Amino acid sequence: MAGKKSASRSRAPWYKNGLRFECTQCGACCSGEPGFVWVDEDEISGMAAAMNLSIDQFESKFIRRVGAQKSLMEYPDGDCILLDPENRTCLVYQARPVQCRTWPFWDSTLESKTAWKETCEECPGAGNGKLYSLAEIEVQRKEKSV
Ligand code: SF4
Ligand code: SF4
């Protein structure tokens with residue numbers, strides 16, 4: 001079992017030559033279908049500081065508990081609570097959670113060429129712009145598995 005696992009890991013992934021990504025700031029990944037942006041205590045602390053709020057103030061305005069985990073709240077239409085409704089930009093961009101910072105290089109989007117193609121259809125920045133090397137992609141993919 002262990003040998004089988006390491007053999008598959010040693011094969012170069014399908015994106016070995018890198019992938020392109022450059023965010024157009026369209027805001028699509030911060031809105032749409034309801035979902036979860038998981039956050040930990042360090043991320044909450046960083047976002048609170050970025051908004052000049054105490055951790056308690058930030059949590060009461062923007063955080064919901066989901067079982068043992070915490071996620072950002074959403075507006076009823078599915079927009080992230082931290083997406084500025086007028087200019088459609090992130091209110092905590094420099095301190096945004098790892099889940100947001102590592103998009104679109106997640107386990108789920110890199111699982112197969114088909115998954116990446118679907119990602120490119122959802123996200124106009126994926127597949128365009130700056131070429132990320134395999135090493136750069138892997139750093140982001142391993143930072144948070146989604
Ligand atoms: S959907 Fe893609 S291009 Fe649009 S804001 Fe999100 S990451 Fe950027
Ligand atoms: S925290 Fe910012 S980048 Fe992340 S989903 Fe919300 S608005 Fe988008």
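Model, not experiment: these values are computed from the prediction.
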Verify side-chain contact (heavy atoms from CB on, under 4.5 Å) between Tyr15 and Glu138, making sure each step is shown before the conclusion. CA-CA 10 Å; Tyr15 49 90; Glu138 291 298 81; 2.7 Å; yes

Is there a side-chain hydrogen bond (donor to acceptor under 3.5 Å, both in side chains) between Ser54 and Asp56? Walk through the geometry before answering. CA-CA 5 Å; Ser54 70; Asp56 284 349; 5.5 Å; no

Stepwise, does the side-chain contact (heavy atoms from CB on, under 4.5 Å) test hold for Leu83 with Ser31? CA-CA 8 Å; Leu83 182 67; Ser31 59; 4.3 Å; yes

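The minimum heavy-atom distance linking Pro104 with Ala126 is given by the pair CG-CB, 4.3 Å. Across every non-hydrogen atom of Leu134 and Pro13, the tightest pair is CD1-CG, 3.6 Å. Minimum heavy-atom separation, Leu91 to Ile81: CD1-O, 4.5 Å. Contact record, Cys90 with Arg96: SG-CB, 4.3 Å, taken as the closest heavy-atom pair. Here the closest heavy-atom approach between residue Ala50 and residue Val92 is recorded as CB-CG1, 4.5 Å. Trp14 approaches Glu111 most closely through the heavy-atom pair NE1-C, 4.1 Å.
Side-chain contact between Cys123 and Cys29: absent, with no pair of heavy atoms (C-beta onward) separated by less than 4.5 Å. Using a 4.5 Å cut-off on side-chain heavy atoms (C-beta onward), Tyr132 and Leu19 make no contact. Taking 4.5 Å as the limit, some side-chain heavy atom of Ile63 sits within range of a side-chain heavy atom of Val39. Under the 4.5 Å side-chain criterion, counting only non-hydrogen atoms from C-beta, Thr109 is not in contact with Arg141.
Counting only residues at least two apart or in different chains, ring-ring contact (aromatic ring centres under 6.0 Å, His included) contacts with residues 75-103 comprise Trp103-Trp106. Counting only residues at least two apart or in different chains, salt bridge (Lys or Arg N to Asp or Glu O under 4.0 Å) contacts with residues 115-133 comprise Lys117-Glu121, Lys130-Glu136.
Interatomic distance, Ile44 CD1 to Leu53 CG, rounded to the nearest 0.5 Å: 12.5 Å. We find the SG-CZ distance between Cys30 and Arg88 to be 8.5 Å, quoted to the nearest 0.5 Å. Here the straight-line distance linking atom CZ of Phe62 with atom SG of Cys80 works out to 9.5 Å at 0.5 Å rounding. Glu43 CD to Cys100 SG: the interatomic distance, rounded to the nearest 0.5 Å, is 8.5 Å. In this structure, Leu110 CG and Gln140 CD are separated by 10.0 Å, a value rounded to the nearest 0.5 Å. Annotation: the span from Arg101 atom CZ to Glu143 atom CD amounts to 4.5 Å, rounded to 0.5 Å.
Under the 3.5 Å distance criterion, the side-chain polar atoms of Gln99 are matched with a main-chain donor or acceptor of Trp38.
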Pairs under 3.5 angstrom only: tabulate donor-acceptor contacts from the side chains of residues 67-74 to other protein residues two or more places apart or in another chain.
unit_1, atom_1, unit_2, atom_2, d
Lys70, NZ, Glu41, OE2, 3.3
Lys70, NZ, Glu59, OE1, 3.2
Lys70, NZ, Glu59, OE2, 3.2
Ser71, OG, Val37, N, 3.1
Ser71, OG, Val37, O, 3.1
Glu74, OE2, Gly35, N, 2.8

